[in-house]
Amino acid sequence: MSGGGRGGGMKVLHVAEKPSVAKSVATILSRNNGGLRTREGRSRYNKIFEFSYSINGRPCHMLVTSVTGHLMELEFQDRYRKWHSCDPADLFHAPVHKFVPEDKLDIKRTLEEEARWCQWLVLWLDCDREGENIAFEVIEVCTAVNPHITIKRAHFSALIDREIHEAVQRLVEPNKCFADAVDARQEIDLRIGASFTRFQTMLLRDAFVIDFTTDDRNLVLSYGPCQFPTLGFVVERYWEIQAHEPEEFWTINCSHKSDEGIATFNWMRGHLFDYTCAVIIYEMCVQEPIATVTKVRQQEKLKYPPYPLNTIELEKRASRFFRMSSEHTMKVAEDLYQAGFISYPRTETDSFSQRTDLHAIVQEQQRHPVWGPYAQQLLEPGSGLWRNPGNGGHDDKAHPPIHPTKFSSGESGWSQDHHRLYELVVRHFLACVSQPAVGAETNVEIDIAGELFSASGRAILAKNYLDVYRFESWGSSTIPTYVSGQQFVPTSLTLDSGVTRPPPLLSEADLLSCMDKEGIGTDATMHDHIKKLLDRFYATKDSNMRFSPTNLGEALVMGYDDMGYKLWKPYLRAVMERDMKAVSEGTKSKAEVLTTSLQQMKACFVDARLNKVKLFEAMAVFFERSNRSGGDEQHAAGEVVRPCGLCQESDMVLRRNRDGNFMVGCMGYPQCRNAVWLPGSLSEAVVTTNICNTCTPGPVYMIQFKFRPLEIPPNYNANHLGCIGGCDEILRQLIEICGTGSRIPARGRGSSAPASNVQQSNSRHGEARHSACIHCHQTGHSSSDCPSQVSGSRSARRRGMNPQSGELSVPCSTCGTPCILRTANTANNRGRKFYSCQSQECNFFVWEDNLNNVTGGNAQRGRTSVSASNTSRSGDRGRGGRGGSRAATATATFVSATGEPVTGRRCFVCGDPSHFANVCPNRGS
DNA sequence: GCAAGGTC
């Protein structure tokens, strides 16, 4: 028995979600009620606190302990645990059960031991759906040993005295609806995750040469309702970049130098894509280059400090300021939290409760050698530096924003990242309670020949919070003084060119924002999903902390996209979230949601499997087929031809492979790889009821073959009743003459055409005969061919980036990598083909029509001036020597109105710094 | 060997 020295009264067992909450609750409740005793439970992390207390006037002996998050896990029954134990589609209805995993058994035993002698069980789990679900796990364990225990739920929104005392006097019933919502979520996640993961892993892993080093582990191509949409964000941005078509634009810049300094005036039209227009306007300005100041405006601008820090912001800022991964940030934050230096790091809350003693937190930091003086200044009423923190609008009702809880000037065991993160938390907190920075901005507008230009300068009047928040800056710049009506001659007036740039790859902070916006994962799990992309070789992170998909990640997304499925989009999760909400509000039952949602997902799964050729094709764009043959095709049932003589366990069936070639393979694949490949010239093959009377083991059913007459020698009959058992000499000869379809030619990325899929479509239609289209519920076609479905993004992506069919390829003149032909989809150039370099590092770009001939073709487009564009980085690798080299319509007048050479800019057509693109001799028209 | 969610 545990305990000892117990006081009298009713015995009440309190269980919190984590040890820290148990400690806080016990400390608060015991404060004025005599001694708080602590003793060990069976788990070393989860202590038991004991003290006396009165609940509604009734004296109680209180025991407060904790779990560590979920106590139980959901798993398939043993019979379904092994990957080859069942068809993955069975996982949508295979029995599942909840159990306490090995590492939680200690906690379970503590609960059992303590619950046995208590009359009440009070649940202090976090007040959210997961917390309610954990509450029911605790109830299950406790009532198993003490069926008569009275169950109560404490509702609290913060770990502060008043809340906790009130909660314990106003106990309520636990909410089964909340718990049910989580049960449904868990079951759906498990079933979808396991089925799709097994399916795509078994289908693709052995079928292609995927050469990622996996330190002895088998490569797993996992699917999950959070990880896949996360991958989707990465791939989508990558495609956006790939499909970006650089467009040349023109802008007029003006500068003015006086005794007081330089002002740079920007054209208020921004930039124009129409070269002719830009030139005309520019000529006007040059001919009458007198600037008149039309407006001088001065105003005060404030730059506000950030909101109080929550988990996502902590991760984003640590990534931006220190290039720390979100996963590492959370690990370091957890260390700091465990050691008591910062508050709980997993919180959505970004506003402080009115009751938080913010001054006390600042006070502690006054001792710090670096930011201590700032903290002191903050507390001086005369400084006027203090400001009550802003409210970010989020509150998880369980935890305050992340803030320092203990002073430290650095501990000996801290790594550099521990120092940095603690400093970030402290400085962020100090910034939150500081006045905004104040700046004086001057805006000057001028008029040159009717065109408006503007320049601005800023002087920082008070840095305020920026003094302590060294991670942010606010630039100041001075410009000469101008007065309205003043006239001057610009020092320079230039017509400059530029090209539109694609958006950058997603940074970790961007990715977190996407996930946050679309509800993918929780603040406590987002970093896990990001890490999973890297662990699964779906994405990589470059030295700038930006994410690109790997070939594997891109192929998987592309495969599902080509099926017309949004499995890689956040919608699925959004639908689930809506269902969960309905369950938690009691408007839908758990069973109802599970039934419909699993039914839909299973239909989707079955359809995806019928369309697996899309996944194969997408993979084939990037990977070579392995000679380990084609994956998980054992589920494509066919007609039985004979018992397998090799494994002597399964039948051999007639099938067509993904390229439409016939083969007879063992049902026991992949354990048994016995196969007979049939001639490539076959157009039809049907198993008959005729049995061969020579071949063994039998029965060996004969096959009615129909060959394509033009593909076999004239002395052979196109129709042939044959046997695959080895007795058929004609079949043997035709196999020798025509070959078989057992090898699919290897394809590098975009180097040759995808195999014709006409025959696969036929076979797919055949399979689809038995299953209704998921979209329109009609038979006769599969969802990917459903006429009711038009996938916008899919077709956009196709227009943008599908590898071409292999007839043309140009080497990149910058880096030599073969360029892929794409089709532009921007307003000015829709349908126009261009080549661009595949390499991320290289920005090579050229229009296809400029490669061959410059004449005509583009006249229908508004913009006719640009032939080959090339970004400034490509330097001298333009299309020199090719094309019309038509003389520019004007000369160097256009470079600078004052005749001054302009440095640091070069022609983006040929890279020559001596002229701009508008006068480039290499430009076409 | 599969998910995502708690938390140590």
Side-chain angles (χ1 to χ4, degrees), chain A residues 16-22 41 43-47 66-76 80-86 88 90-92 94 96 98 100-101 103-104 106-107 125-126 128-138 178-179 181-203 205 214-230 311 330-331 333-335 337-339 344-347 396 398-399 515 519-529 531-532 535-536 567 572-573 576-577 580 601 605:
Chain A
E17 188 158 322
K18 40 190 162 281
S20 64
V21 173
S43 147
R44 52 188 280 242
Y45 301 110
N46 307 84
K47 313 281 182 211
S66 55
V67 288
T68 43
H70 276 286
L71 193 54
M72 296 180 171
E73 278 175 21
L74 192 67
E75 188 47 283
F76 291 107
Y80 297 90
R81 295 275 279 277
K82 284 215 160 58
W83 278 40
H84 285 98
S85 65
C86 65
D90 295 345
L91 297 177
F92 285 94
V96 289
K98 271 195 175 186
V100 179
D103 61 333
K104 298 289 175 72
D106 284 343
I107 298 174
L125 288 306
D126 292 357
D128 52 27
R129 292 202 300 242
E130 295 294 335
E132 212 67 16
N133 189 271
I134 301 171
F136 278 86
E137 294 174 354
V138 172
F178 270 43
V182 172
D183 279 345
R185 199 258 318 140
Q186 287 177 342
E187 196 173 324
I188 293 169
D189 283 347
L190 175 65
R191 293 184 187 281
I192 294 177
S195 56
F196 274 93
T197 299
R198 289 185 193 180
F199 159 67
Q200 65 186 24
T201 303
M202 295 194 289
L203 179 70
R205 185 182 58 199
T214 54
D215 51 38
D216 287 347
R217 283 174 303 133
N218 263 339
L219 184 72
V220 172
L221 308 186
S222 64
Y223 177 89
C226 285
Q227 53 178 276
F228 241 61
T230 306
T311 305
M330 290 313 289
K331 206 164 163 293
E334 182 67 26
D335 288 346
Y337 163 66
Q338 293 294 338
Y344 191 68
R346 287 180 286 275
T347 175
D396 63 14
H399 305 287
M515 297 171 76
I520 300 300
T522 67
D523 51 340
T525 60
M526 284 179 188
H527 65 270
D528 284 333
H529 302 311
K531 181 162 183 289
K532 185 146 280 176
D535 289 347
R536 296 288 190 218
L567 288 169
L572 177 64
R573 199 73 190 162
M576 269 169 71
E577 184 53 39
M580 297 311 100
M601 280 313 296
F605 176 86

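Below, chain A is the first sequence line, B the second, and so on; all start at residue 1.
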J.: Using a heavy-atom cut-off of under 4.0 Å over every strand shown, decide if Gly521(A) touches base, sugar-phosphate, or nothing.
T.: sugar-phosphate
J.: What is the nucleic acid contact for Arg129(A), judged by heavy atoms within less than 4.0 Å: base, sugar-phosphate only, or nothing?
T.: nothing
J.: Scan Glu187(A) against the nucleic acid and name what it touches under 4.0 Å (heavy atoms): base, sugar-phosphate only, or nothing.
T.: nothing
J.: With a 4.0 angstrom cut-off to heavy atoms of chain A, pull out the first and last contacting nucleotide of DNA chain B, in 5'-to-3' order.
T.: dG1(B) to dC8(B)
J.: Nearest heavy atom decides the nucleotide; on that basis, is Ile192(A) or Arg346(A) closer to the 5' end of DNA chain B?
T.: Ile192(A)
J.: What contact category does Ser43(A) fall into here, base, sugar-phosphate, or nothing, at under 4.0 angstrom with non-hydrogen atoms?
T.: nothing
J.: Would you mind classifying the nucleic acid contact of Phe228(A) as base, sugar-phosphate or nothing, using non-hydrogen atoms under 4.0 angstrom?
T.: nothing
J.: Taking only residues two or more places apart in sequence, or in another chain, which ones meet Tyr337(A) in a side-chain hydrogen bond (donor to acceptor under 3.5 Å, both in side chains)?
T.: Ser20(A)
J.: For Phe196(A), report the nucleic acid contact type (base, sugar-phosphate, nothing); a contact means any heavy atom under 4.0 Å.
T.: nothing
J.: Would you classify Arg185(A) as touching base, sugar-phosphate or nothing, given that sugar-phosphate means primed atoms plus P, OP1 and OP2, and contacts are heavy atoms under 4.0 Å?
T.: base
J.: Which residue, Trp83(A) or Met526(A), contacts DNA chain B at a nucleotide closer to its 5' end, judged by nearest heavy atom?
T.: Trp83(A)
J.: Would the distance check show the side chain of Arg129(A) and the main-chain N or O of Phe178(A) forming a donor-acceptor pair, the cut-off being under 3.5 Å?
T.: no
J.: Could you tell me which residues satisfy side-chain contact (heavy atoms from CB on, under 4.5 Å) with Ala135(A), sequence neighbours excluded, listed by chain and number?
T.: Leu123(A), Leu125(A)
J.: Once you apply a heavy-atom cut-off of 4.0 Å, does Gln186(A) come out as touching a base, just sugar-phosphate, or nothing?
T.: base
J.: Just to verify, what does Asp90(A) make a salt bridge (charged side-chain N to carboxylate O under 4.0 Å, His left out) with, not counting sequence neighbours?
T.: none
J.: Please work out if Asp126(A) contacts a base, only the sugar-phosphate, or nothing of the nucleic acid, heavy-atom cut-off 4.0 Å.
T.: sugar-phosphate
J.: For Lys331(A), enumerate each residue passing the side-chain contact (heavy atoms from CB on, under 4.5 Å) test, keeping only those at least two apart in sequence or located in another chain.
T.: none
J.: If you look at every strand shown and take non-hydrogen atoms under 4.0 Å, does Leu91(A) touch a base, only sugar-phosphate, or nothing?
T.: nothing
J.: Who pairs with Lys104(A) by salt bridge (charged side-chain N to carboxylate O under 4.0 Å, His left out), at least two apart in sequence or on another chain?
T.: none
J.: So Thr68(A), base contact, sugar-phosphate only, or nothing? Heavy-atom distance under 4.0 Å.
T.: base
J.: Would you kindly check if the NZ (Lys) or CZ (Arg) of Lys18(A) is within the cone defined by 45 degrees around the ring axis of Tyr344(A) and under 6.0 Å from the six-membered ring centre?
T.: yes
